[in-house]
Engineer: 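My questions all concern the structure below.
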Number of protein chains: 2
Amino acid sequence: MPVDDQDGTTPGSAWTSRALAELTARGYRAGEARTAVIELLGAEGGCLEADDVAARLRLQDKRAGTASVYRALALLSELGLLHKVALADGPARFELVLPDGEHHHHIVCDGCGQTVAFSDPSLERAVHAISDQTSFLIEAHDITLHGICEDCQAG
Amino acid sequence: MPVDDQDGTTPGSAWTSRALAELTARGYRAGEARTAVIELLGAEGGCLEADDVAARLRLQDKRAGTASVYRALALLSELGLLHKVALADGPARFELVLPDGEHHHHIVCDGCGQTVAFSDPSLERAVHAISDQTSFLIEAHDITLHGICEDCQAG
DNA sequence: GTTCCTGCAAAGGTTTTGCACCATA
DNA sequence: TATGGTGCAAAACCTTTGCAGGAAC
């Protein structure tokens, strides 16, 4: 469920416009499948697997072939509009890249596979400090915590 | 290349002994493929893909079927002797779990795929602070930085 | 001798690719 | 109209599973 911001719009709807603009600005066409993927991701706020995207589009009667979904996700990642996250098991997930750099990380329950998001400024500061010390030009980072959720601890 | 510690032994060779002891202590048998995988990982110090393990064993004329390699890696992970790390692209890698909890994380070059390891105490502190705040029982964490290595920046 | 481990081969799931057709600009 | 996007189907890739034979205890 997308979170409303102060304007009453979602961060995702701004992302949708930006993604579509970026595409055409770079000479890519707004084909049917590609546009549908962008609109869906903006509406959902990201954190979807390729298969989720395909399935939800089917529910909306916007049919998009699996291959086109993968191609759209790959292109958007390449353009820096999405960030591909590989959790330890299962397929990759795709997160919106927002212009203010705001993002989150994940805690995965190794019992039931449930994933929750979190963000933490001091963790970000620690990552940036490392970025300054390495010869790599750091552009992104993934952080995943693994553990057991409350339900699985009880059961 | 494994890093020598103060005793002149490698951390990996201690790991090999511990892994073999742990296996028998828990009632598992020291079969040929399983033993070969453990010895290889200890000697190499971890950070290998399943396929690397199979290939290097073949080079040593210790043939181990792919399935047995995967089964050994899965068992060792389950016993807490290995940690499975999923980088964004490509197959999972397996890291030794050392008894003192010492471990490292990775920086991946998105240009050439090169991976280097790093460790950082303040990053670890930040992760532990989060662990204390969540209802999850945190048992492990993966951190991967993505960027462009010096070579790819130049080229 | 019994149980577990192993290897092969086949299946499983995710992602990529080839190609003919169609839509966008 | 020319180029590039799309969909289908097939392939590629990593990983898991079934099963018969062999090794460990």
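Naming convention: chains lettered A, B, ... in sequence-line order (proteins, then strands); numbering from 1 in each chain. In this text the structure is predicted, and so the values were computed from the model without any measurement.
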Engineer: What is the distance, to the nearest angstrom, from the CG atom on Leu20(B) to the P atom on dC5(C)?
Structural biologist: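 Atom-to-atom, Leu20(B) to dC5(C), this comes out as 14 Å.
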Engineer: Find the distance between CG (Leu23(B)) and CG (Leu79(B)) and round it off to the nearest 0.5 Å.
Structural biologist: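 With rounding to 0.5 Å, CG (Leu23(B)) is 6.5 Å from CG (Leu79(B)).
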Engineer: Is Leu81(A) close to Arg18(A) at the side-chain level, that is, under 4.5 Å between some pair of heavy atoms?
Structural biologist: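 The answer is yes, as the side chains (C-beta and beyond) meet within the 4.5 Å cut-off.
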Engineer: Which residues end up grouped with Val116(A) if you chain together Ile, Leu, Val, Met, Phe, Trp and Tyr wherever their side-chain heavy atoms are less than 4.5 Å apart?
Structural biologist: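 Ile107(A), Phe118(A), Leu123(A), Val127(A), Ile130(A), Phe136(A), Ile138(A), Ile143(A), Leu145(A), Ile107(B), Val116(B), Phe118(B), Leu123(B), Val127(B), Ile130(B), Phe136(B), Ile138(B), Ile143(B), Leu145(B), listed by chain and number.
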Engineer: Rounded to the nearest angstrom, tell me the gap between atom CG in Leu73(A) and atom C1' in dT17(C).
Structural biologist: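 Rounded to the whole Å, the gap is 16 Å.
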Engineer: Of all heavy-atom pairs between Ile38(A) and Leu20(A), which one has the smallest distance, and what is that distance?
Structural biologist: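 Scanning both residues, the minimum pair turns out to be CD1-CD2, 3.8 Å.
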Engineer: More than 12 non-hydrogen atoms from neighbouring residues, nucleotides or ligands closer than 6.0 Å to CD on Glu22(B), yes or no?
Structural biologist: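 More than 12 heavy atoms, drawn from other residues, nucleotides or ligands, come within 6.0 Å of this atom.
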Engineer: Just how far, in rounded Å, is C1' of dT6(C) from CZ of Arg58(B)?
Structural biologist: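 My rounded result for the distance is 15 Å.
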Engineer: Under 3.5 Å, which N/O atoms of the protein pair with N/O atoms of nucleotides 20-25 of chain D?
Structural biologist:
{"unit_1": "dA24(D)", "atom_1": "N3", "unit_2": "Arg29(B)", "atom_2": "NH1", "d": "2.9"}

Engineer: So if I take the C1' atoms of five pairs at each end of the helix from dG1(C)-dC25(D) to dA25(C)-dT1(D) and get each local axis, what angle do the two axes make, rounded to 10 degrees?
Structural biologist: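 Terminal axis comparison yields 40°.
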Engineer: Please tell me if Ser68(B) has a side-chain N or O lying less than 4.0 Å from either OP1 or OP2 of dC5(C).
Structural biologist: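 Answer no for this pair, as no side-chain N or O of Ser68(B) is under 4.0 Å from OP1 or OP2.
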Engineer: Rounded to whole angstrom units, what separation is found between the CZ atom of Arg63(B) and the P atom of dC5(C)?
Structural biologist: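 Atom CZ in Arg63(B) sits about 18 Å away from atom P in dC5(C).
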Engineer: For Lys62(A) and dG7(D), give me the distance from atom NZ to atom C1', rounded to whole Å.
Structural biologist: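 The answer, rounded to whole Å, is 18 Å.
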Engineer: Donor-acceptor pair, distance only, cut-off 3.5 Å: does the side chain of Thr35(A) make one with the backbone of Gly31(A)?
Structural biologist: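 It does hold such a pair.
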Engineer: Could you tell me the separation between the CG atom of Asp52(A) and the P atom of dT15(C), rounded to a whole number of Å?
Structural biologist: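 Distance check: Asp52(A) CG to dT15(C) P gives 11 Å.
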Engineer: Taking only nitrogen or oxygen atoms into account, show me every contact under 3.5 Å that the protein makes with nucleotides 12-16 of chain D, one pair per line with its distance.
Structural biologist:
{"unit_1": "dT15(D)", "atom_1": "OP1", "unit_2": "Ala92(B)", "atom_2": "N", "d": "3.2"}
{"unit_1": "dT15(D)", "atom_1": "OP2", "unit_2": "Tyr70(B)", "atom_2": "OH", "d": "2.6"}
{"unit_1": "dT15(D)", "atom_1": "O5'", "unit_2": "Tyr70(B)", "atom_2": "OH", "d": "3.4"}

Engineer: Name all pairs fulfilling the side chain to side chain donor-acceptor pair (under 3.5 Å) condition that reach into residues 95-105 of chain B, sequence neighbours left out, sorted by first residue then second.
Structural biologist: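 Pairs touching residues 95-105 of chain B that pass the test: Glu95(B)-His104(B), Glu95(B)-His106(B), His103(B)-His105(B), His103(B)-Glu124(B), His103(B)-His141(B), His105(B)-Glu124(B), His105(B)-His141(B).
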Engineer: What pairs of residues pass the side chain to side chain donor-acceptor pair (under 3.5 Å) test when at least one of them lies in residues 48-57 of chain A, not counting sequence neighbours?
Structural biologist: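 Of all non-adjacent pairs touching residues 48-57 of chain A, those that pass side chain to side chain donor-acceptor pair (under 3.5 Å) are Glu44(A)-Arg56(A).
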Engineer: Does CD belonging to Glu150(A) count more than 12 external heavy atoms closer than 6.0 Å?
Structural biologist: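 Not more than 12 within 6.0 Å, no.
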Engineer: For residues Lys62(A) and Glu39(A), determine if any side-chain heavy atom of one lies less than 4.5 Å from a side-chain heavy atom of the other.
Structural biologist: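 A side-chain contact under 4.5 Å exists here.
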Engineer: Is any side-chain heavy atom of Asp89(B) closer than 4.5 Å to one of Asp110(B)?
Structural biologist: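 No; the side chains remain at least 4.5 Å from each other.
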